[in-house]
Every structure is written in C-alpha cells, then in structure tokens.
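One structure is given below, encoded as structure tokens.
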Amino acid sequence: MTVRTRFAPSPTGMLHIGGVRTALFCWLYARRHGGTFILRVEDTDRERSTDAAVQVILDGMAWLGLTPDEGPFYQTKRYDRYHAVIGQLLQNGHAYQCYCSKTELEELRAGQMARKEKPRYDGRCRHRTEPLAGVTPVVRFRNPDEGQVVVNDIVHGPIVFDSQELDDLIILRSDGNPTYNFCVAVDDWDMGITHVIRGDDHINNTPRQINMLRAMGATPPVYAHLPMILGPDGTKLSKRHGAVSVLEYESAGFLPEALLNYLGRLGWSHGDQELFTIEELVQFFDLDAVNKSASALNPDKLAWTNQQHMMRRSGAELAPRFAWVLAQRGIETGSIDLAAVAECLKERAKTLVEMADGAAFFFADPTEYEAKAASKHLNAETAPVLVAARAALAALEGAWTAAAVHAVLESLVVILGVGLGKVAQPLRVSVAGSGVSPPIDATLAILGAAVALRRIDRAIQYAQAN
RNA sequence: GCUCCCAUCGUCUAGAGGCCCAGGACACAGCCCUCUCAAGGCUGGUACGAGGGUUCGAAUCCCUCUGGGAGCGCCA
C-alpha cells in the first residue's frame with residue numbers, strides 16, 4: 001500500500017509554526033516511504049476564511065520547499081460530493097433531519113451544564129417523521145449508541161472511547177453548508193489517505209470521524225496525533241509569541257532548512273543528533289520516534305540552529321537570500337561582493353538580518369566612530385601607526401587581496417615591534433567605525449583599496465585631532 | 001462538570017528493567033585559542049512531579065494522587 005498523507009490547514013488564521021511542523025511531519029512521512037503528500041485547504045467556514053490566509057499557506061510551503069504532490073484541493077469546491085454523501089446517509093438511516101432551534105439547543109446545553117453533565121445533543125429528533133413547518137432542518141449523523149470506538153494511534157497507542165460519549169453531530173447546516181468533521185471524513189476517504197497526521201487537539205474528533213467513515217462504507221486510515229507546540233513560556237501559542245505568519249521567519253532572516261531542522265527536533269528525535277540536512281530528515285524520520293508530550297519553542301536554539309546551517313553553506317550559496325534581506329531593508333550594496341561578505345559573516349550572525357546589521361559598514365562609510373572604540377584606538381598615540389599602515393597598504397596597489405594585506409600587516413608589526421592587535425584595532429575602527437568586524441585582512445580586501453584608504457585617511461585626521 | 005491526552009535539567013531531548021548516583025543540545029558561568037567579534041575546544045551547575053506496588057533490581061511495568069493540556073459549536 002502506498003502511503004498517502006495530507007496537510008489540511010484551515011485558512012481562518014495565518015499559517016504559523018505549529019501548522020508548519022504538522023505539514024513537515026506529513027511531508028517527511030510521505031517522502032520517507034515513497035508516498036504522496038497532499039495539500040487540502042479546509043475552507044468550509046466561509047465567514048472566517050480569507051484569501052490572504054490561503055496565500056500565506058501556499059507561499060509559506062513553497063518557501064520551505066514542502067511542495068504537495070497533489071492539490072491544493074479546496075473543500076468549498078467539493079460541495080456536490082458532500083451533498084451526495086449526505087443524501088446517501090439520509091437514505092440508509094445513518095443520518096436524520098433535526099428541527100431543533102438554536103435556542104432550544106442552548107437551553108438543553110445549559111441544563112446539562114447545570115446538572116454537571118457533559119453537554120451533548122440528546123437525539124430528540126431521531127424519531128421525528130414529520131417536518132416542522134417553516135423550519136429548515138439541519139442534518140445530523142446518527143452515532144451508534146452502544147459499543148466502543150478504538151483509535152489505533154501510532155504515537156499514542158490505542159485510545160478507547162465509549163460510543164455513549166459521542167452525540168449526533170450536525171453534518172449539514174441549515175444554510176446548506178456541510179461541517180468540518182464530516183468533510184474531513186469524506187475527503188480522507190475520497191483522497192485515499194492512509195495516514196492522518198495532525199495535532200493532538202483532534203484526538204477527540206477522531207472517533208466521530210471513524211464512525212462516519214464506517215457508516216459510509218470506508219475503511220478508516222491510520223492516525224498519528226502529534227503533540228502541541230507551545231510558546232517559549234510554556235503556554236498556548238498565540239500572536240504574542242510570534243505565532244505569526246511563517247513568512248515572518250523568512251523576513252527575520254532564517255534559512256528554510258534551519259527552520260525545518262529546528263521544527264523537526266520538536267517532538268521527534270534521532271538519538272543525540274541535533275543538526276540535520278533535509279535529506280537526513282527524510283532518511284531518518286519515522287512516526288515511531290515521535291514523542292507524546294507538548295514542547296515549548298526555544299528561540300535561542302532556533303537561532304543557533306540557523307547559524308549552524310548558515311555556517312554549513314558557502315558565502316555564494318547564502319548570497320541570494322542575503323541580498324533579498326538587504327533589499328527588503330532598503331540597503332544599497334554598490335559593488336561590494338555579497339558572497340564574500342556572507343562568507344566572513346556567516347559564523348558571526350544568527351540570522352541573515354543579524355548578518356545585514358554586521359555588514360552595514362561595508363556599504364557606507366562610518367558617519368561617526370563608536371565612542372569607546374574611538375577613544376581607545378583613534379588617538380594621538382595610534383595616529384602614527386595608522387599613518388605607517390596606510391603607507392604600507394597603499395604600496396599594494398593592484399595586488400589588494402586578503403593574503404597580501406595580511407602579509408603587509410604582519411611585516412609592519414615586526415617593524416614596529418608590537419602585536420597585531422595594535423595595528424588591527426585602529427584599522428578596524430577606521431574602516432568599520434567600531435571595534436567589531438570580521439578579520440581585518442578579509443575586511444579590507446572586501447572594501448577594496450580605494451574605499452579602505454579613504455576611510456583610513458579620514459581616521460588619521462580624526463586621530464591626530466583627538 | 002464530563003471525556004480524552006500528557007508528565008526526565010530553565011528549554012528541546014536520549015533512555016523501550018540492570019550499560020543511568022541519568023547522556024546530548026540550547027542558554028548560563030569559567031578557562032583555552034585569538035587582530036576585535038564570532039566560531040571552535042575544555043570544565044561546571046541544575047532533571048527522572050508525589051505516593052504506593054511488581055521485581056533480586058524501575059526513569060523505564062501497574063495503580064492512585066497531583067499538576068498541565070485538549071475537546072464537549074449550525075468553528076476548524
């Protein structure tokens with residue numbers, strides 16, 4: 001049997017990190033077993049579904065590379081099918097029409113709550129034979145009222161529900177729209193889904209879906225319920241935690257493979273391994289190594305994971321995404337070699353945004369020097385060193401490379417009888433404006449002779465005046 | 001309230017009865033390396049929620065409790 005999984009988000013809110021983790025596991029499971037990954041948009045809530053949310057799902061998954069093999073399918077385009085199934089269910093007695101008003105149902109619920117009972121529909125319309133004039137009925141699924149339903153969950157093991165706990169849920173609203181649990185059952189059946197992998201907030205829906213599947217004559221799929229992802233403070237994920245659109249992570253300078261690596265390690269593990277390429281994730285992933293307890297997001301570890309992935313890419317590989325981040329921030333990069341900048345900054349930044357911050361001085365002369373660094377490294381004492389360095393560097397002319405710069409500074413240090421730091425720091429502050437930058441030889445090489453010498457000249461003037 | 005789920009360092013996790021007075025990772029502290037910052041290396045502290053069983057032996061199996069979470073919609 002070929003594995004078929006589906007990711008079924010509802011476009012009522014933005015696709016966030018929790019949804020992405022679910023999508024990732026569905027995708028990985030399909031890839032791992034040579035199966036098919038399907039995207040299905042559950043948009044039956046026409047009030048709250050938005051096109052913008054659908055677009056984020058599509059764009060987000062494309063950015064992450066979680067491309068579906070089939071779909072996207074939209075439930076709103078399958079209404080004919082749902083209505084046909086409901087017709088059958090009505091005909092064979094697995095469903096019936098209910099004329100209860102909303103206020104009547106509210107009263108029923110209130111009474112049950114007051115008696116400390118579990119609120120549920122009591123089936124009062126089950127045996128009604130005559131329509132109620134002037135009322136458009138809803139259709140309810142007739143749940144078996146005896147026996148048990150066993151959900152054989154791959155991550156949780158068997159979960160048993162008494163049928164008595166399940167009431168007759170509405171499958172068709174009075175406005176003609178079918179409801180969630182019903183559409184899911186029909187779709188999973190029609191699409192031949194073999195493994196339903198979703199959040200464990202759906203565990204309680206599962207026995208109902210199994211019952212409907214059986215009533216329709218379908219064999220239920222295998223289920224795997226994933227633990228929830230919580231915010232860094234251990235509470236439910238919310239906008240406050242950055243449960244924002246997954247695309248925000250792209251803007252924040254994360255690499256898709258790093259986000260996926262981090263998310264993969266939430267609720268799943270492969271021994272002590274922390275860093276995985278996408279290929280390794282596909283190779284090692286399996287549902288039996290998924291754990292059952294909820295996990296909290298750790299922004300520090302996500303950042304570390306991102307840095308590790310950046311370090312494993314070449315500057316040239318990083319350059320396009322880095323350029324995108326710079327452009328997004330309106331930074332003009334001129335003729336600076338972005339691949340070279342990324343190469344020497346990739347281990348000094350947790351994200352591409354941090355990289356952009358650290359690279360700012362490459363694209364514009366410092367407008368002022370950082371006070372502490374300037375007073376320490378640009379003063380009357382260091383001015384002569386800068387003058388000497390400037391002269392030695394200027395002699396390089398056309399041979400302005402990192403290696404050449406390095407050699408010049410090394411010999412200058414010997415001549416002056418000082419440590420490299422005595423020369424490097426004043427130069428660093430001169431060209432970068434602060435005491436922090438990549439190695440001075442690489443920094444000067446990237447800047448180019450003209451720009452570097454110009455900045456050093458300015459710094460010499462400043463140093464002599466202070 | 002009822003039903004269901006969950007429970008190892010602050011966080012992510014390893015652990016499927018003896019290899020565990022519990023290992024790795026993030027974060028934190030110290031040291032080393034060093035032209036700054038990083039990266040890297042080394043060292044350190046902190047965890048099996050509680051109580052009962054089962055067993056020669058339990059983080060691992062069973063029960064109870066406690067604590068957290070989800071569901072109980074003409075939402076998905």
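These numbers were taken from a predicted model, which means no experiment stands behind them. In what follows, every chain begins at residue 1, and chains take the letters A, B, ... in the order their sequences are listed.
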Of the options [options], whose atoms approach the side-chain atoms of [X] most closely?
X      : options                : answer
A:S10  : B:rA25, B:rA76, B:rU36 : B:rA76
A:P439 : B:rC35, B:rC26, B:rA70 : B:rC35
A:A296 : B:rA39, B:rC12, B:rC5  : B:rC12
A:D200 : B:rC74, B:rC5, B:rA27  : B:rC5
A:A424 : B:rC35, B:rU13, B:rA25 : B:rC35
A:I159 : B:rC5, B:rA70, B:rC2   : B:rC5
A:R265 : B:rG73, B:rU3, B:rC12  : B:rC12
A:Q307 : B:rC5, B:rA39, B:rC35  : B:rA39

Query raised in the report: Less than 6.0 Å separating the ring centroids of A:Y369 and A:Y462?
Result: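 Close enough - the centres of the two rings lie under 6.0 Å apart.
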Query - Near-ring test A:F254/A:Y262, centroid separation under 6.0 angstrom - result: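 Centroid distance A:Y262-A:F254: not below 6.0 Å, so no.
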**Report entry** Any N/O donor-acceptor pair, A:D201 side-chain to B:rG71 base, under 3.5 Å
**Finding:**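 Flag unset: no donor-acceptor pair detected.
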Query raised in the report: Side-chain donor or acceptor of A:E274 under 3.5 Å from a matching atom on the base of B:rG24?
Result: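 Under the 3.5 Å cut-off, the side chain and the base do form a donor-acceptor pair.
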Report task. Could you give me the CA-CA distance, side-chain angles and deciding distance for A:F284 and A:W268, then say whether ring-ring contact (aromatic ring centres under 6.0 Å, His included) is met? Result -> CA-CA 10 Å; A:F284 299 135; A:W268 173 81; 7.7 Å; no
Query raised in the report: Is the CG atom of A:D51 crowded by more than 12 outside heavy atoms at less than 6.0 Å?
Result: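 Open.
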Query raised in the report: Around A:E381, counting heavy atoms of other residues, nucleotides and ligands shown, do more than 12 lie under 6.0 Å from its CD?
Result: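 Count not over threshold, so no.
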Pairwise [atom1] distance for [N] and [M], with rounding to whole Å:
N      : M      : atom1 : answer
B:rG45 : B:rG53 : P     : 34 Å
B:rA50 : B:rC4  : C1'   : 23 Å
B:rG68 : B:rA76 : P     : 31 Å
B:rG71 : B:rA59 : C1'   : 31 Å
B:rA7  : B:rU64 : C1'   : 15 Å
B:rG51 : B:rG40 : P     : 41 Å

Query raised in the report: Side-chain donor-acceptor pair under 3.5 Å between A:H406 and A:T401, yes or no?
Result: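 The answer is no; no qualifying pair exists.
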Identify whether any heavy atom of [X] sits under 4.0 Å from a base atom; if not, whether one sits that close to sugar-phosphate; answer base, sugar-phosphate or nothing.
X      : value
A:S174 : base
A:T12  : nothing
A:C100 : base
A:P438 : base
A:I203 : sugar-phosphate
A:Q308 : sugar-phosphate

Report task. Please give the nucleotide sitting opposite B:rG73 as a Watson-Crick or G-U wobble pair, both distances under 3.5 Å, or none. Result ->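 When the pairing criteria are applied, nothing turns out to pair with B:rG73, so the answer is none.
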So, OP1 or OP2 of [N]: does either fall under 4.0 Å of a side-chain N or O from [X]?
X      : N      : answer
A:Q273 : B:rC12 : no
A:H156 : B:rC6  : yes
A:S295 : B:rU13 : yes
A:T44  : B:rA76 : yes
A:K350 : B:rA27 : yes

**Report entry** Spacing between A:E107 atom CD and B:rC74 atom P, to the nearest angstrom
**Finding:**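 Whole-Å distance recorded here is 15 Å.
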Report task. Return the 5'-most residue of the pair A:V160, A:D45 with respect to RNA chain B, ranking by each residue's nearest nucleotide. Result ->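 Closer to the 5' end of RNA chain B: A:V160.
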